[in-house]
J.: 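Have a look at the structure that comes next, please.
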Amino acid sequence: MPELPEVETTRRGLQQLTLNRTILHIDIHQASLRWPIPDTIGDIKNQTISEIRRRGKYLLLQLNNDQHLIMHLGMSGSITVLNAYEPLKKHDHFVAHLDNNTSMRFNDPRRFGCILLTRKNPEQHALLASLGPEPLSDDFTGQWLKKTANQRTVAVKNFIMNARVVVGVGNIYASEALFKAGIHPKRAASRISLQRYHVLANTIKDVLAEAIKAGGTTLQDFSNSEGKAGYFQQQLAVYGRDGQACNNCQHTIKKIIIGNRSSFFCPQCQH
DNA sequence: ATCATCCCCTGATGGC
DNA sequence: TGCCATCAGGGGATGA
């Protein structure tokens with residue numbers, strides 16, 4: 001589910017609703033996520049949330065004692081902050097009660113997400129240490145893509161979904177960015193010119209930035225921290241539009257499977 | 001190193 | 001109605 005725009009939308013909401021709040025106590029309803037919620041999680045009690053950052057699809061909540069809560073939304077996760085009296089929903093696995101009568105609820109039907117706690121710099125954590133550049137930063141360029149693609153034979157769609165190459169690009173935005181760049185999703189990463197990688201880096205930035213503006217894409221599960229859906233799905237050019245007409249050329253959008261994931265593209269516009 | 005495949009899990013949907 | 005197969009915003013582990 002959540003790709004960079006959805007995680008960034010969540011980060012902004014949490015910043016509004018939980019920054020400088022103190023965690024009074026926590027409830028764990030289901031510790032069995034992608035990895036178990038660690039036993040040390042009780043350490044966050046009486047800590048204040050002092051900073052909220054994002055790295056790729058990971059949310060990093062810094063606490064007063066310099067520990068960090070690392071949260072990932074997996075395929076179906078969302079985090080809401082509601083008044084304490086609002087009833088829990090199915091799959092609200094973890095709840096942090098804050099000092100203003102609200103509570104932060106981690107909901108994840110498929111439980112591919114995670115909640116971890118670390119004492120070290122979270123960037124050094126094993127899950128984050130080898131991540132590639134942030135797509136919206138100046139470190140992410142066509143030059144970087146070309147250099148990283150080198151001799152690699154992998155399909156470009158899988159290439160840009162690889163978090164070591166660039167973080168935050170998931171199945172929806174990979175298809176969207178490749179469509180806007182006019183690149184066929186199956187093209188080998190090494191068989192794309194520097195010039196075209198410049199274009200692709202820019203379309204990735206554009207698509208992600210526009211999706212953040214729209215509050216993310218909601219297909220089924222995603223909601224922002226107030227429980228509201230995003231609306232970028234209204235602007236999707238190819239994702240989920242197989243059988244429909246391409247906005248550019250009226251040809252029929254096709255769906256193919258690449259690396260076990262559905263991919264959508266226009267056979268006329270993308271080469 | 002790189003790549004393809006499998007797997008974790010629940011829920012929605014469609015065919016019979 | 002039920003039952004079964006398929007698919008879904010991710011990504012780690014494995015083995016070739």
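In what follows, chains carry the letters A, B, and so on, assigned in the order in which the sequence lines appear, proteins first and then strands, with residues in each chain numbered from 1.
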J.: Using atom CE of A:Met75 as one end and atom C1' of B:dC9 as the other, report the distance to the nearest whole Å.
T.: 10 Å
J.: Given the P atoms of C:dA5 and B:dC7, what is the spacing between them in whole Å?
T.: 15 Å
J.: Looking at the side chain of A:Trp35, which of C:dG10, B:dC9, C:dG12 is the nearest nucleotide?
T.: C:dG12
J.: Would you kindly give the CG-to-P distance between A:Leu219 and C:dG10, to the nearest whole Å?
T.: 10 Å
J.: Answer yes or no: does a side-chain N or O of A:His91 lie under 4.0 Å from OP1 or OP2 of B:dG11?
T.: yes
J.: May A:Phe112 be described as stacking on the base of C:dG11, applying a 5.5 Å centroid limit and a 30° limit on plane angle?
T.: no
J.: Under a 3.5 Å threshold, yes or no: a donor from one side chain and an acceptor from the other, between A:Asn65 and A:Gln67?
T.: yes
J.: Using the side-chain heavy atoms of A:His72, tell me which of these nucleotides is nearest: B:dA4, C:dG11, B:dC9.
T.: C:dG11
J.: Does any nucleotide pair with B:dC9 by Watson-Crick or G-U wobble geometry, both distances under 3.5 Å, and what is it?
T.: none
J.: Given B:dT5, C:dG10, B:dC3, identify the nucleotide with an atom nearest to the side chain of A:Asn260.
T.: B:dT5
J.: Rounded off to whole Å, could you give me the CD1-to-P distance for the A:Ile258 and C:dA8 pair?
T.: 13 Å
J.: Between B:dT5 and C:dC7, how far apart are the P atoms? Round to whole Å, please.
T.: 15 Å
J.: For a quick check under 3.5 Å, do A:Arg11 and A:Gln15 share a side-chain donor-acceptor pair by atom type?
T.: yes
J.: For the pair made of NE2 in A:His93 and P in B:dC9, what is the distance, rounded to whole Å?
T.: 12 Å
J.: At 4.0 Å (heavy atoms only), tell me whether A:Gln220 reaches a base, stays on the sugar-phosphate, or touches nothing.
T.: base
J.: Considering just the side-chain nitrogens and oxygens of A:Arg164, establish if one lies under 4.0 Å of OP1 or OP2 belonging to C:dG11.
T.: no
J.: Does A:Tyr173 reach a base, just sugar-phosphate, or nothing at all? Heavy atoms under 4.0 Å.
T.: nothing
J.: For the backbone of A:Ala245 and the side chain of A:Arg241, can you confirm whether one donor and one acceptor N or O come within less than 3.5 Å of each other?
T.: yes
J.: For the residue pair A:Arg21 and A:Val81, establish whether any side-chain heavy-atom pair is separated by less than 4.5 Å.
T.: no
J.: Examine the base of C:dA8 for any acceptor or donor lying under 3.5 Å from a partner atom in the side chain of A:Arg110, and report the outcome as yes or no.
T.: yes
J.: Closer than 4.0 Å, any side-chain N/O of A:Ser262 to the OP1 or OP2 of C:dA8?
T.: yes
J.: Separation of A:Phe159 atom CZ from B:dT2 atom P, in whole Å?
T.: 10 Å
J.: With both distances kept under 3.5 Å, what pairs with C:dA16, Watson-Crick or G-U wobble?
T.: B:dT2
J.: Rounding to a whole Å, what distance do you find between A:Asp108:CG and B:dG11:P?
T.: 11 Å
J.: For A:Ile257 and B:dT5, what is the distance between atoms CD1 and P respectively, to the nearest whole Å?
T.: 12 Å
J.: Do A:Lys157 and A:Asn171 pass the side chain to side chain donor-acceptor pair (under 3.5 Å) test, and can you show the C-alpha distance, the side-chain angles, and the key distance before you say yes or no?
T.: CA-CA 9 Å; A:Lys157 174 164 178 276; A:Asn171 204 38; 2.6 Å; yes
J.: Describe the nucleic acid contact of A:Phe232 in one word from base, sugar-phosphate, nothing, applying a heavy-atom distance below 4.0 Å.
T.: nothing
J.: Hey, which sits more toward the 5' end of DNA chain B by its nearest nucleotide, A:Arg111 or A:Ala155?
T.: A:Ala155
J.: Classify the side-chain pair A:Thr10/A:Ser225 by whether it contains a donor and acceptor separated by less than 3.5 Å.
T.: no
J.: Around A:Lys186, counting heavy atoms of other residues, nucleotides and ligands shown, do more than 12 lie under 6.0 Å from its NZ?
T.: no
J.: Closest nucleotide of DNA chain B for A:Lys90 versus for A:Asn162: which of these residues is on the 5' side?
T.: A:Asn162
J.: Mind telling me whether A:Phe264 and A:Tyr239 have parallel, tilted or perpendicular rings, with 30° and 60° as the class edges?
T.: perpendicular
J.: Give me the residues of residues 122-133 of chain A where at least one heavy atom lies under 4.0 Å from an atom of DNA chain B, by number, or none.
T.: none
J.: Tell me whether the side-chain N/O atoms of A:Ser76 come closer than 4.0 Å to OP1 or OP2 in C:dA8.
T.: no
J.: Taking the side chain of A:Pro109 as its heavy atoms from C-beta onward, which of B:dG11, B:dC9, B:dA4 lies nearest to it?
T.: B:dG11
J.: Any sub-3.5 Å donor-acceptor pair from A:Ser103's side-chain atoms to A:Val95's backbone N or O?
T.: no
